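Notes follow the structure.
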Amino acid sequence: MEDYTLFLIKPDSTVKNHIGAILKIIEEHGFVIKEMKMFRMDRKFADRFYEIHKGKDFYDNLIKFMTSGRTVATVLYRKNAINELRKVIGKTDYHETKPETIRRIYGETITRNAVHASDSPENAKEEILKVFPYFKFKE
Ligand code: ATP
Ligand code: MG
């Protein structure tokens with residue numbers, strides 16, 4: 001289901017009061033916010049969310065960062081949401097990304113890169129259900 005994706009506003013953005021500015025960009029690009037909540041990830045949740053990266057050299061830093069403050073999680077809907085959102089956020093490393101992307105505007109480093117977006121329909125479904133277990137996908 002490529003029309004739904006999980007979008008996270010990471011702790012570097014929430015601590016700098018960039019939630020509203022980032023959501024404004026999202027809505028301007030035609031995404032509909034279907035679910036939203038703000039929470040602080042604990043170690044257990046972060047380990048589960050990032051289990052695909054376990055064992056990578058940046059893993060400990062990533063978990064430390066993601067548990068350092070509040071995250072805003074949303075389910076976004078639009079046609080071809082997964083691909084369209086990856087374009088709007090830009091690449092993992094904000095240096096390499098186009099000037100108008102969220103990570104170039106708000107990212108600080110490759111780890112503190114402002115936002116997360118699902119990268120495939122399979123991962124989007126899994127990630128959405130990790131944060132919003134009751135979410136109903138409409139075909
Ligand atoms: P996200 O999954 O957060 O949307 P992404 O898909 O662009 O980002 P992934 O490869 O899934 O990137 O990595 C997940 C997160 O781990 C990145 O967003 C970043 O915060 C961190 N990360 C990835 N690669 C590196 C790296 N080489 N060095 C440091 N941190 C990294
Ligand atoms: Mg990823």
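Everything quoted here is computed from the prediction, not taken from an experiment. In listed order, ligands and their atoms are each counted from 1.
- Closest protein heavy atom to atom 12 (O) of ligand 1: Thr92 OG1, 3.3 Å.
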Task: Intermediate values then yes/no, side-chain contact (heavy atoms from CB on, under 4.5 Å), Glu126 and Leu6 - done: CA-CA 9 Å; Glu126 256 186 46; Leu6 185 81; over 6 Å; no
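- A cation-pi arrangement, defined by a distance under 6.0 Å to the six-membered ring centre and an angle within 45 degrees of its axis, is absent between Lys56 and Phe58.
- Remark: among candidates Phe49, Tyr50, Phe58, the nearest residue to atom 16 (O) of ligand 1 is Phe58, based on non-hydrogen atoms.
- Atoms of ligand 1 found under 4.0 Å from any heavy atom of His116 (numbered from 1 in listed order, with element): 1 (P), 2 (O), 3 (O), 4 (O).
- Here the closest heavy-atom approach between residue Phe132 and residue Ala73 is recorded as CZ-O, 3.5 Å.
- In this structure, atom 20 (O) of ligand 1 lies nearest to the protein heavy atom Thr111 O, 3.0 Å.
- For ligand 1 and Lys10, the ligand atoms under 4.0 Å from any heavy atom of the residue are 3 (O), 17 (C), 18 (O), 20 (O).
- Between His18 and Tyr106, the ring-plane angle classifies as tilted under the 30° and 60° cut-offs.
- Ligand 1 is approached by Arg103 to a heavy-atom distance shorter than 4.0 Å.
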Task: Lys16/Glu108 under salt bridge (charged side-chain N to carboxylate O under 4.0 Å, His left out): CA gap, chis, key distance, verdict - done: CA-CA 11 Å; Lys16 289 186 287 184; Glu108 282 175 45; 2.8 Å; yes
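- When Arg112, His53, Arg86, Met66 are checked for heavy-atom proximity to atom 14 (C) of ligand 1, His53 turns out nearest.
- Residue Ala117 has at least one heavy-atom neighbour below 4.0 Å for each of these atoms of ligand 1: 4 (O).
- Only the side chain of Asn113 comes within 4.0 Å of ligand 1, counting heavy atoms alone; its backbone N, CA, C and O stay farther away.
- Contact of the Val131 side chain with the Lys37 side chain is registered, since non-hydrogen atoms from C-beta on lie closer than 4.5 Å.
- Taking a 6.0 Å sphere around NZ of Lys130, one finds it holds more than 12 heavy atoms contributed by other residues, nucleotides or ligands.
- At a heavy-atom cutoff of 4.0 Å, ligand 1 is contacted by the side chain of Leu62 but not by its backbone.
- The closest protein non-hydrogen atom to atom 19 (C) of ligand 1 is Ile110 O, 3.2 Å.
- The CE atom of Met66 sits 9.0 Å away from atom CZ of Phe45, with the distance rounded to the nearest 0.5 Å.
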